[in-house]
Amino acid sequence: KQEVTQIPAALSVPEGENLVLNCSFTDSAIYNLQWFRQDPGKGLTSLLLIQSSQREQTSGRLNASLDKSSGRSTLYIAASQPGDSATYLCAVRVGGDSGGSNYKLTFGKGTLLTVNP
Amino acid sequence: DAGVIQSPRHEVTEMGQEVTLRCKPISGHNSLFWYRQTMMRGLELLIYFNNNVPIDDSGMPEDRFSAKMPNASFSTLKIQPSEPRDSAVYFCASSLRAIVGEQFFGPGTRLTVL
């Protein structure tokens with residue numbers, strides 16, 4: 001059974017700092033990995049999707065990397081801003097010979113990020 | 001596009017009552033997912049529809065839970081009878097292609113069962 005772990009559970013940084021959020025998964029046979037942002041009382045916003053054949057994806061100040069063999073992904077946020085404060089979730093989609101269930105996303109519990117002005 | 005639409009946004013009900021949550025997926029998406037989020041268990045997939053057909057309902061916790069998708073633009077999740085442990089945020093998500101595509105989430109329905 002795929003398990004996804006995100007460390008740390010919470011992170012507080014001063015504005016302008018570069019930071020890294022970590023995600024690890026137990027089964028390396030994934031199809032892709034998706035990073036989401038969740039604001040309090042709101043739904044999830046997709047940030048980046050990395051296919052299993054890719055090493056990284058970039059969008060603005062965000063860069064997500066994937067090391068499938070070691071079961072790890074990182075989300076790098078450059079020059080953090082107070083508006084980046086939110087919970088960040090990673091989710092993996094099973095791949096390969098998964099009995100046809102590779103539509104399923106398994107989520108971590110998220111990292112609560114606070115960027116202080 | 002307005003994105004995934006869910007209603008109501010908040011629902012407070014008493015134990016034993018029937019609760020119906022509604023979802024309108026993004027137009028053109030053929031895959032729809034219902035999730036439940038709690039502090040203890042995080043986000044869990046309840047049921048997945050593809051082309052309006054339920055493909056996987058193994059995450060539905062009990063027979064008290066049921067979901068339907070009568071057409072491509074509407075789905076419901078029903079809890080009957082509701083219990084306090086059903087209190088959670090319920091999300092609906094849709095995707096153009098279930099396997100490779102991104103899932104787009106609605107704002108969620110916060111359910112409180114007293």
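In what follows, every chain begins at residue 1, and chains take the letters A, B, ... in the order their sequences are listed.
- Contact of the Gln103(B) side chain with the Arg93(A) side chain is registered, since non-hydrogen atoms from C-beta on lie closer than 4.5 Å.
- The hydrophobic cluster containing Leu32(B) also contains Leu77(B), counting ILVMFWY residues as joined when their side-chain heavy atoms lie under 4.5 angstrom apart, directly or transitively.
- Enclosure of atom CZ in Arg110(B) is not indicated, since only 12 or fewer non-hydrogen atoms of other residues, nucleotides or ligands lie within 6.0 angstrom.
- Heavy atoms of other residues, nucleotides or ligands lying less than 6.0 angstrom from CD of Glu14(B) number 12 at most.
- Separating the CG atom in Leu43(B) from the OG1 atom in Thr106(A) is a distance of 11.0 Å, to the nearest 0.5 Å.
- For Lys42(A) (side chain) and Gly108(B) (main-chain N/O), no donor-acceptor pair under 3.5 Å exists by modelled atom type.
- In Arg61(A), the CZ atom is crowded: over 12 heavy atoms of neighbouring residues, nucleotides or ligands sit closer than 6.0 Å.
- With a 6.0 Å radius and a threshold of 12 heavy atoms from other residues, nucleotides or ligands, Asp63(B) has its CG atom at or below the threshold.
- Under a hydrophobic-cluster definition in which Ile, Leu, Val, Met, Phe, Trp and Tyr are linked whenever side-chain heavy atoms come within less than 4.5 Å, directly or via other members, Met15(B) and Tyr90(B) are assigned to the same cluster.
- If you take NZ on Lys104(A) and CD on Glu44(B), they are separated by 11.0 Å, rounding to the nearest 0.5 Å.
- Using a 4.5 Å cut-off between heavy atoms, Arg41(B) contacts chain A through its backbone alone, with no side-chain atom that close.
- By the criterion of side-chain heavy atoms lying less than 4.5 angstrom apart, applied directly or through intervening Ile, Leu, Val, Met, Phe, Trp or Tyr residues, Val4(B) is not grouped with Leu21(B); the two fall into different hydrophobic clusters.
- Taken to the nearest 0.5 Å, the OH atom of Tyr35(B) stands 4.0 Å off from the CG atom of Leu105(A).
- Heavy atoms closer than 4.5 Å to chain A are found in the side chain of Ser58(B), but not in its backbone.
- Atom-to-atom distance recorded for Gln38(A):CD and Gln37(B):CD is 4.5 Å, nearest 0.5 angstrom.
- Rounded to the nearest 0.5 angstrom, Glu102(B) CD and Phe36(A) CZ are separated by 7.5 Å.
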